[in-house]
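For reference, the structure discussed in these notes is given below.
If you're wondering where the values come from, they're calculated on a predicted model, not measured in any experiment. Throughout, numbering of the chain's residues begins at 1 and tracks the sequence.
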Amino acid sequence: MIKAILFDIDGTLLVTGGAGAVAWQRAFLELHGVEANIEEHTHAGMTDPEIAEIVFREVIGRDGSDQERAEAIAGYLAHLQDAVDESLGYRVMPGIEELLPRLAEDGILLGIVTGNIEAAAHIKLARGDLNRFFAFGGYGSDSRDRTELTKKALERGEQVSGHPLDRAETIAVGDTPRDVRAGHGAGIRVVGVATGSYAVDELTDASADWSLENVKDGFPA
């Protein structure tokens with residue numbers, strides 16, 4: 001029996017239609033006067049701190065200081081709300097709007113596990129009215145390592161529920177091999193959904209415990 005589920009955001013719960021890339025681009029243009037096409041330099045599943053470091057290294061041509069990276073992330077957040085609001089491609093993924101209420105009604109504890117820093121995660125979820133389903137999470141602001149932020153999500157889930165989470169009764173849902181590796185690294189099984197950049201067979205090859213086209217068919221809870 002599944003009693004707790006951790007959901008990734010981008011490509012799993014929703015897509016922003018490129019709003020994140022737009023916000024990063026606006027931030028680096030404003031702060032450093034450079035056009036930074038984030039999608040040319042990053043891959044699905046990266047954390048926001050990783051993205052900031054890569055853009056400095058590959059676009060600006062040097063490692064940014066801690067202060068510069070912090071300023072870049074702040075600039076990204078400052079532009080993200082408008083970018084999400086303006087996006088014509090924002091959409092909640094198939095089956096999510098039906099699945100989350102059902103899981104909540106069944107008493108399953110729902111959390112977030114994402115490379116987004118926490119504030120960015122909530123901005124993205126808000127447009128789809130999804131924040132209301134999630135009581136806790138692990139975020140890119142907790143760690144740049146997805147396994148570690150998944151462990152942090154589990155810790156927070158235990159704080160919210162008031163008891164240890166049985167790893168055999170807890171799963172994660174994600175759309176990339178990074179999500180699969182992170183869940184397994186944290187000791188839980190993973191549902192891979194082919195709603196992002198990876199196909200079902202690629203998620204199977206990455207050792208997902210379940211590989212689905214989307215959450216509408218075959219979801220294990």
Side-chain angles (χ1 to χ4, degrees), residues 6-93 96-97 111-134 136-146 148-150 152-153 156 174-176 178-179 182 195-197:
L6 308 178
F7 282 88
D8 172 55
I9 294 178
D10 296 291
T12 301
L13 288 173
L14 58 87
V15 290
T16 65
V22 168
W24 279 114
Q25 187 173 36
R26 290 175 180 174
F28 274 92
L29 184 62
E30 183 176 76
L31 291 168
H32 299 283
V34 297
E35 290 281 354
N37 187 337
I38 305 304
E39 295 175 346
E40 291 182 354
H41 300 276
T42 60
H43 304 287
M46 285 185 170
T47 64
D48 283 342
E50 285 181 302
I51 292 172
E53 290 185 4
I54 288 170
V55 175
F56 268 103
R57 186 165 59 249
E58 297 187 7
V59 177
I60 296 181
R62 61 180 175 80
D63 291 331
S65 66
D66 291 344
Q67 180 176 341
E68 286 176 319
R69 291 195 297 272
E71 289 172 346
I73 289 173
Y76 162 70
L77 279 177
H79 290 288
L80 184 60
Q81 184 70 67
D82 286 344
V84 169
D85 290 344
E86 295 164 4
S87 176
L88 299 179
Y90 182 103
R91 70 183 189 278
V92 177
M93 303 311 285
I96 292 297
E97 290 174 312
I112 289 295
V113 57
T114 177
N116 288 282
I117 57 177
E118 186 170 0
H122 293 306
I123 288 172
K124 292 180 178 183
L125 291 168
R127 178 170 166 178
D129 194 26
L130 300 182
N131 274 315
R132 59 198 170 103
F133 294 107
F134 302 104
F136 66 96
Y139 306 93
S141 39
D142 294 313
S143 174
R144 53 180 291 158
D145 181 277
R146 288 195 72 101
E148 293 306 312
L149 67 86
T150 303
K152 178 58 71 174
R156 291 192 175 124
D175 67 297
T176 74
R178 284 174 175 246
D179 299 326
T195 48
S197 303

Report task. Could you give me the CA-CA distance, side-chain angles and deciding distance for I73 and W24, then say whether side chain to side chain contact (heavy atoms under 4.5 Å, CB included) is met? Result -> CA-CA 8 Å; I73 289 173; W24 279 114; 3.9 Å; yes

Query raised in the report: For R132 and E97, what are the C-alpha separation, side-chain angles and deciding distance, and is it a salt bridge (Lys or Arg N to Asp or Glu O under 4.0 Å)?
Result: CA-CA 12 Å; R132 59 198 170 103; E97 290 174 312; over 6 Å; no

Query - Steps toward side chain to side chain contact (heavy atoms under 4.5 Å, CB included) verdict (T16, D10) - result: CA-CA 7 Å; T16 65; D10 296 291; 4.0 Å; yes

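We find that K152 and D145 are not joined by a salt bridge, their nearest charged nitrogen and carboxylate oxygen being 4.0 Å or further apart. For the pair E50 and R57, the salt-bridge criterion is not met [side-chain N within less than 4.0 Å of a carboxylate O]. Comment: R178 does not engage D8 in a salt bridge, judged by the lack of any side-chain N to carboxylate O separation of less than 4.0 angstrom.
Scanning both residues, A121 and I9, for their nearest heavy atoms gives CB-CD1, 3.5 Å. Nearest heavy-atom pair, Y139 versus I117, reported as atom, atom and distance to 0.1 Å: CB-C, 4.2 Å. Looking at every heavy atom in both residues, S143 comes nearest to T47 through O-CG2, 4.0 Å. Contact record, A27 with G75: CB-C, 3.5 Å, taken as the closest heavy-atom pair. Pairing each heavy atom of P49 with each of G140, the nearest pair is CG-O, 3.4 Å. Nearest approach of L149 to G115, heavy atoms of both residues: CD2-CA, 4.4 Å.
Exactly one residue among I112, V84, V92 makes a side chain to side chain contact (heavy atoms under 4.5 Å, CB included) with L125. That residue is I112.
The aromatic ring centroids of F56 and F28 lie less than 6.0 Å from each other.
Atom CZ of R91 sits in a sparse spot, with 12 or fewer heavy atoms from other residues, nucleotides or ligands closer than 6.0 Å.
Formation of a donor-acceptor pair under 3.5 Å by the R156 side chain with backbone atoms of G138 is not found in this model. Proximity of a side-chain donor or acceptor of Y90 to a complementary backbone N or O of K124 within less than 3.5 Å is detected. Listed for the E68 side chain is a donor-acceptor partner under 3.5 Å among the backbone atoms of S65. In terms of modelled atom types and a separation under 3.5 Å, the side chain of R127 and the main chain of S87 share a donor-acceptor contact.
Note that CG of D142 is 10.5 Å distant from CD of E148, once rounded to the nearest 0.5 Å. Taking CE of M93 as the start and CG of L13 as the end, the distance is 9.5 Å to the nearest 0.5 Å. A distance of 5.5 Å separates CG of D179 from OG1 of T12, quoted to the nearest 0.5 Å. In this structure, CZ on R144 lies 11.0 Å from CD1 on I51, to the nearest 0.5 angstrom. Atom CD of E30 and atom CD of E71 lie 11.0 Å apart (nearest 0.5 Å).
Judged by distance alone, the side chains of T114 and N116 do bring a donor and an acceptor atom under 3.5 Å apart. In summary, the side chains of D175 and T195 do not present any donor paired with an acceptor at a separation below 3.5 Å, with no hydrogens or angles considered.
Side-chain contact between F136 and L6: present, with at least one pair of heavy atoms (C-beta onward) separated by less than 4.5 Å. Looking only at side-chain heavy atoms (C-beta outward), F7 and F133 stay at 4.5 Å or farther from each other.
When the side chain to side chain contact (heavy atoms under 4.5 Å, CB included) test is applied to Q25, the partners found at least two apart in sequence or on another chain are E35.
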